[in-house]
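Letters A, B, ... are given to chains in the order of the sequence lines, protein chains preceding strands, and every chain is numbered from 1. These figures come from a predicted structure and were not determined experimentally.
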Amino acid sequence: MVAKPKARAEPEQAPRRVGPARVGTGSVTSKHSRAPLSPLPATLEPELATLVSKPPAGDWLYEIKYDGYRMLARVDGPDVRILTRRGNDWTSRFPTLRAALMAAKLPVGWYDGEMVLLDGTGMPTFNGLQNAIESGANADIVFYLFDAPFLAGHDLRQVPVEERRRRLQEVLQETDRLRFSQEIEGKAADLLDSACRLGLEGVIGKRRGSPYVHRRSDDWIKLKCTQRQEFVIGGFTWPDDSRANGIGALLVGYVDEGRILQYAGKVGTGYTGKVSAALRQRLDAMSMPKRPFAGPTGHDTHATWVRPELVCEVVYSEWPEGGSLRHASFKGLREPDDKPAAEVAPERPAKARTRAVAPPGKLRITHGERVIDPSTGLTKLDLATYYAQVARWMLPYLAGRHAYVVRFPTGIEGERIFQQHPQGMAGLRGTDPALWRGHEPAIAFESAEDLVRAAQLDCIEIHTWNSTANAIKLPDRVIFDLDPGDGVTWARMRQAAELVRVMLQELGLASWLKTSGGKGLHIVVPLKPELEYPTVKSFSEAVATHLGQAVPQLFVAKSGGRNRMGRIFVDYLRNGQSQSTAEAYSARARPGMGVSMPITWDQLAEVRSGGHWTVSTAIAYLRSRKSDPWGGYWRNPQHLAPAMQRLRALI
DNA sequence: GGGAGAA
DNA sequence: TTCTCCCAACGCATC
DNA sequence: GATGCG
Ligand SMILES: [Mn+2]
Ligand SMILES: [Mn+2]
């Protein structure tokens, strides 16, 4: 035990929260309250605190909010490991701390705490810790322990937090490097006040009686003194004077709900010459030509852009809605492997957000964290999750249909592989080889799993034929792919789509509309599979040609050339044998990752581009819809022959 | 990224 | 089980 | 033959 006999009024009388199945035991919870024996898990996700703006009611215990890195120590006899909150092993970075943990002879367990660097005044500093980690000189690092979800062979996760802390304090021999994060007593409001006056970052509150859970929980809260948050660095400006090295200001942002990098403001102070130079060196190596932020920063002309991978900590006085950060000051870098840039979302005092990201089944996605669209930070896992979730809408359009996939093994900026056959790739389902002898099996999608497996193979786009396996030579649809040439406004695209619709109506054909996910629109006419490809294609060519002749200022029927400048190519070539078009709900490999979204004709007025919906936004939109935008599509396969008659008459 | 083949 | 090596992934229209 | 496009 520590020398001081702390007069810690144990909260024995604290009202326990009523647990569902704990009613009938009758016995007073003793020191050795029920805690199952348990082997020590290999990994542990820490409980995270929710940011709140004022102390809530209820029975809380408060601790100082230390300004450092959340760390976990896994102690299993001589096997001592130090892990970040994401489970990265940082043991080798903290040899002195490892030694301290070894020397402490702690029981087998998982220990949860915050690692900080104390400056001369005993105040923890984040910048200092950053420097210490990078230089390996971490003599002054202190590990404040505050919890022990596993201890001495027991699983304490269901044990109330105050009891876990009591047991932790019991086994912990405090040293200079290893300390117990004391409870601070007093009224919450006063505690926060005095913490702020002392220059601390804030206080942490924990609800008495609460268990240890592996997620952000509202049983743990943080109250902050200053506005302080992590941002992604997306660029920087040069210093005013002629200092060759260093940084004028950092341009920082955050990832919004749509996973788009939004600009937040510039950070002009807080780094000294040395830090600034080192930062500059690091950023230079990450430079890229394109602005990573979705919108303009106001400093675009003097900015050097960088890949949005570095995360920094910033304090600021104010962040007005729709405006940029005021008095922003740099506090240090976050290590990128500890918190990927894609996860840096604005954290505002609020109720804990519910994380409802359905993982794509139990199929394995390797390198799920890999960014496939640098403009948004969208990852491979995002893509796989998108396809897992969109499957219920997409699969009907894929059923029985030959598909092509477009793969991007290194993301949308890298090599593009247009793949027409499974070619022995186990992740791609092939059509029955017996079905069509002499032909290589085609790619088919029959389930959500097929879609997710394809995503694992970096298949971003899924294109399909106009016919299905049961009548592979007879198209069951005809498509008019409207491709805007350079300089075509969206208003003219709308106009063009309406004109095509009207022309088809005059031919007696009902049509359905979708965004392409890229720049254009797709107009689809479902057909009875009764005519062969060349017939259907020549019909579509005649329609395109007619449009080009009737409204030459808007339409062209020939691809290529610069005759497309300012006009819309009516791409009828999609209607040939073995040709393909991006299928409904397919993602597209373009910056922003649009998806091809079926819409009603009425919606056309509201849609702003072919990429109006994206991998990030489509699922929420689809869930919010009550009716199928393509209601009636499957119930209206149409005869083409009468339309061909009418078209001949028209010409 | 993953198959085949080797260790 | 884990490692290394090696290797594939279109057809059509247009210029 | 190269290039652009799904
Ligand atoms: Mn198109
Ligand atoms: Mn096209």
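Separating the CZ atom of Arg590(A) from the C1' atom of dG4(D) is a distance of 13 Å, rounded to the nearest angstrom. If you measure from atom OH of Tyr572(A) to atom C1' of dC12(C), you get 11 Å, rounded to the nearest angstrom. In this structure, His463(A) places its NE2 atom 16 Å from P of dG11(C), rounding to the nearest Å. Rounding to whole angstrom units, CD of residue Gln420(A) and C1' of dA8(C) are separated by 14 Å. We find that OH of Tyr533(A) is positioned 18 Å from C1' of dA13(C), with the value rounded to whole Å. In this structure, CD1 of Ile417(A) is placed 15 Å from P of dG11(C), rounded to the nearest angstrom. Asp481(A) places its CG atom 18 Å from the P atom of dG4(D), with the value rounded to the nearest Å. When the P atom of dG11(C) is taken as reference, atom CG of Leu573(A) falls 17 Å away, rounded to whole Å.
dA8(C) and dG5(B) have their P atoms separated by 13 Å, with the value rounded to a whole Å. When the P atom is compared between dG11(C) and dG2(B), the two are found 24 Å apart, to the nearest whole Å.
Proximity of Gln423(A) to the phosphate of dA9(C): a side-chain N or O atom is located under 4.0 Å from OP1 or OP2. Residue Lys537(A) has a polar side-chain atom (N or O) positioned under 4.0 Å from OP1 or OP2 of dA13(C).
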Just distance, no hydrogens or angles: give the donor-acceptor pairs under 3.5 Å from side chains in residues 407-418 of chain A, sequence neighbours left out.
from: Arg407(A); atom 1: NE; to: Leu457(A); atom 2: O; distance (Å): 3.0
from: Arg407(A); atom 1: NH1; to: Gln419(A); atom 2: OE1; distance (Å): 2.8

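Taking the side-chain hydrogen bond (donor to acceptor under 3.5 Å, both in side chains) definition, one finds that Tyr404(A) meets it with Trp465(A), sequence neighbours left out. With sequence neighbours excluded, no residue forms a side-chain hydrogen bond (donor to acceptor under 3.5 Å, both in side chains) with Gln645(A). Here Glu530(A) pairs with Lys528(A), His639(A) under the side chain to side chain contact (heavy atoms under 4.5 Å, CB included) rule; sequence neighbours left out. Legend: residues meeting side-chain hydrogen bond (donor to acceptor under 3.5 Å, both in side chains) with His367(A), ordered by chain and number and at least two apart, are absent. Every residue two or more places apart in sequence or in another chain was checked for a side-chain hydrogen bond (donor to acceptor under 3.5 Å, both in side chains) with Gln549(A), and none qualifies.
For Arg588(A) and dG6(D), a side-chain-to-base donor-acceptor distance below 3.5 Å is absent, hydrogens and geometry of angles not being considered.
Side-chain atoms of Ser596(A) come within 3.5 Å of backbone N or O of Thr515(A) as a donor-acceptor pair.
Screening residues 529-558 of chain A for ring pair (Phe, Tyr, Trp, His ring centres under 6.0 Å), with sequence neighbours left out, gives no hits.
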Revision key, fill the gap. Its contact letters, B for base, S for sugar-phosphate only and - for none at protein heavy atoms under 4.0 Å, make nucleotides 1-6 of chain B read SSS---
When you compare the protein's N or O atoms with those of nucleotides 4-6 of chain C, which come within less than 3.5 Å of each other, and at what distance?
none

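The stacking criteria are not both satisfied for Phe418(A) over the base of dA9(C), which would need a centre-to-centre distance under 5.5 angstrom and an angle between ring planes under 30 degrees.
Looking at Thr379(A) and Asp382(A), their side chains do bring a donor and an acceptor atom within 3.5 Å of each other.
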